[in-house]
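Structure first, commentary second.
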Amino acid sequence: MPQNARDASAVDFTPVVVGGDIGAYSLARAFHEAYGIRTVVISRLAGWVVGTSALIDNVRCQDPFDPEALAPVLQEVAEAHPGRPLLLLGSADATVKPIIRVRDEIGLDARYIAPYVDLDAFAAATEKQNFTRLCQDLGVDHPGTLVVDLAEELPADLEVPFAFPVIAKPAEVSEWKRIEFPGKNKVHTVETPEDLQELLTTIRGAGYRESIIVQDRIPGDDQFMRILTVYCDADSRVRFASYGHTLLEEHAPGAIGNPAAIITGVDREVVAQAQRLCERLGWTGYANFDLKYDRRDGRTKFFELNPRLGRSNYYVTAGGHNPVTWYVGEHLRGALPEQGPGSGIGEEGILQEQPEVLYAVVPLSLIKRYTTLPEARARLRRVLKARRVGNPLHYPGVDDSLSRRRYILAASLNSVLKFQRYYRPEGGDRLSRLLRRRPRPAAGDRA
């Protein structure tokens, strides 16, 4: 029985999620786990992740990133669910922004609740050049950054104040999605000044006129990445925080940087810095931060703020703290979830020490293969021994039709091929190192 399914006051609403990825499915599963209800998911395509789900009513929209295209679809959904509040969420930055624009500029049915900040706060937090300046002003740890405005002509000799290789990524994700060029990625690793000049020229030639963020590349592979999700109340006070140690990320073009394996944990210093950011921004609702541990100085650096529950939001649910209950508590019940002893949440809203849980959307064999750091391997062994593993796609007895199980199996096999093709971890992976150590047979001993 879902934890709150018997509470009629909690389930008299319909969740509506814009986006068709695993993040949208994870939100639908969270609503079902908490309240036993179905979710309307609005997407351009009916991909298998949402299209084969028994938890989801899929509604198509020609361009969910365009407020003018999204608005009438949202109205159709409202008319199909009369007399019920509608909790409206986006599964990505590129869907949250049009939701805000429909709410604030075009207009939503009065029954919709879209729990997001206004466009000014959205831009201040999510446009990466703004986020960098904010970190500098507040003394929040962040990587060295150079902002290159492609609205202007490129200088012939761009000066980068840190060593190569560097990271280059778009400041405005919504505009980035509108352009195409050979080799386009979500994030680019650039080896030389000449390569950077060529990349920026190509991007500008493709029609992108926003800023590109060039950052110091913090050494270390996926095992040095971290994730933080916080919920802020109406006074921009962090009431809930869920921290995670990333073991593995996606590496296929278009998905690069999305966590594929996370072990939950606690880091109060990182939460304290996030509180400073949220307070200055006047932030409310969820914020999701991408971070990386820098072994050069022992500090964890903030990369960016995502204005919603992240694509990997099920790591919070798997850790025992269903994140959608905070939305429902504040906006439908008028009271945030209780804190204190027994809840796992301290008076300051930060998760207390608790059993580690592994979030995984790829086969465990891949995670074990690419987890090479001794501390990370020890943590992985602990959670696997305790069988504390959560995969949002595995929902036995509820959402496990034969066709869906086939898709999940195919996706797992495909992920193995993708990692073999795209991922070259620092120092190599564990299997490759073991093979290199294995003594080579003498010529006469070979078959």
Side-chain angles (χ1 to χ4, degrees), residues 14-28 31 39-47 49-50 56-81 85-128 130-131 169-180 186 207-211 254-255 258 281-288 304-311 313 324 327 331:
T14 297
V16 181
V17 176
V18 182
D21 61 2
I22 194 172
Y25 177 80
S26 297
L27 287 170
F31 280 112
T39 295
V40 175
V41 171
I42 299 173
S43 62
R44 186 173 67 87
L45 300 173
V49 174
V50 301
I56 288 171
D57 297 318
N58 191 215
V59 175
R60 306 286 286 278
C61 177
Q62 184 175 1
D63 186 359
F65 306 131
D66 179 1
E68 297 292 339
L70 180 60
V73 177
L74 290 173
Q75 184 58 38
E76 291 172 8
V77 170
E79 291 170 0
H81 296 80
L86 303 160
L87 182 57
L88 178 59
L89 304 177
S91 68
D93 295 9
T95 55
V96 170
K97 187 173 182 179
I99 286 173
I100 295 173
R101 290 191 60 191
V102 173
R103 183 194 66 191
D104 295 352
E105 298 173 0
I106 298 175
L108 278 170
D109 186 289
R111 290 178 293 116
Y112 271 112
I113 300 164
Y116 297 113
V117 296
D118 61 26
L119 280 174
D120 288 341
F122 180 93
T126 62
E127 292 181 7
K128 294 177 177 58
N130 295 338
F131 185 73
K169 56 187 178 182
E172 177 48 70
V173 177
S174 298
E175 292 303 314
W176 185 253
K177 287 181 178 291
R178 299 181 186 277
I179 68 162
E180 292 295 336
K186 182 180 175 182
Y208 182 83
R209 291 294 187 273
E210 306 296 330
S211 294
N258 293 318
L281 288 164
W283 198 261
T284 58
Y286 275 108
N288 171 255
E304 61 187 5
L305 182 157
N306 302 302
R308 35 77 191 176
L309 281 165
R311 185 177 186 269
N313 66 80
V324 301
Y327 280 137
H331 297 283

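Bear in mind the structure is a predicted one, so any value in this text is a computation, not a measurement. Just the heavy atoms: all of them, side chains too, but no hydrogens, waters or symmetry mates, feed the values below.
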Go through the structure and list residues passing side chain to side chain donor-acceptor pair (under 3.5 Å) with [X], not counting sequence neighbours.
| X | result |
| --- | --- |
| Lys169 | Gln215 |
| Glu105 | Arg101 |
| Glu210 | none |

Spatial distance of atom CD (Gln62) from atom CG (Leu45) [nearest 0.5 Å]: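 Reported to 0.5 Å precision, the distance equals 11.0 Å.
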With a 4.5 Å cut-off on side-chain heavy atoms, are [Y] and [X] touching?
| X | Y | answer |
| --- | --- | --- |
| Thr284 | Pro115 | no |
| Arg308 | Thr95 | no |
| Val117 | Pro307 | no |
| Val324 | Leu87 | no |
| Leu89 | Leu309 | no |

Side-chain ion pair, Arg44 and Asp63, N-O less than 4.0 Å: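 Judged by the 4.0 Å cut-off on N to carboxylate O distance, Arg44 and Asp63 do not form a salt bridge.
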Glu172/Lys97 salt bridge by N-O under 4.0 Å criterion: yes
Treating [X] as the side-chain partner and [Y] as the backbone partner, does any N or O pair qualify as donor plus acceptor under 3.5 Å?
| X | Y | answer |
| --- | --- | --- |
| Tyr116 | Gly90 | yes |
| Asn130 | Ala123 | yes |
| Arg311 | Asn258 | no |
| Tyr112 | Leu74 | yes |

Intermediate values then yes/no, side chain to side chain contact (heavy atoms under 4.5 Å, CB included), Thr39 and Leu27: CA-CA 9 Å; Thr39 295; Leu27 287 170; over 6 Å; no
Over 12 foreign heavy atoms within 6.0 Å of CD, Glu79: yes
Steps toward side chain to side chain contact (heavy atoms under 4.5 Å, CB included) verdict (Asn313, Tyr286): CA-CA 11 Å; Asn313 66 80; Tyr286 275 108; over 6 Å; no
From CA spacing to verdict: side chain to side chain contact (heavy atoms under 4.5 Å, CB included), Arg103, Leu88: CA-CA 10 Å; Arg103 183 194 66 191; Leu88 178 59; over 6 Å; no
Donor on one side chain, acceptor on other, Ser91 and Asp21, under 3.5 Å: yes
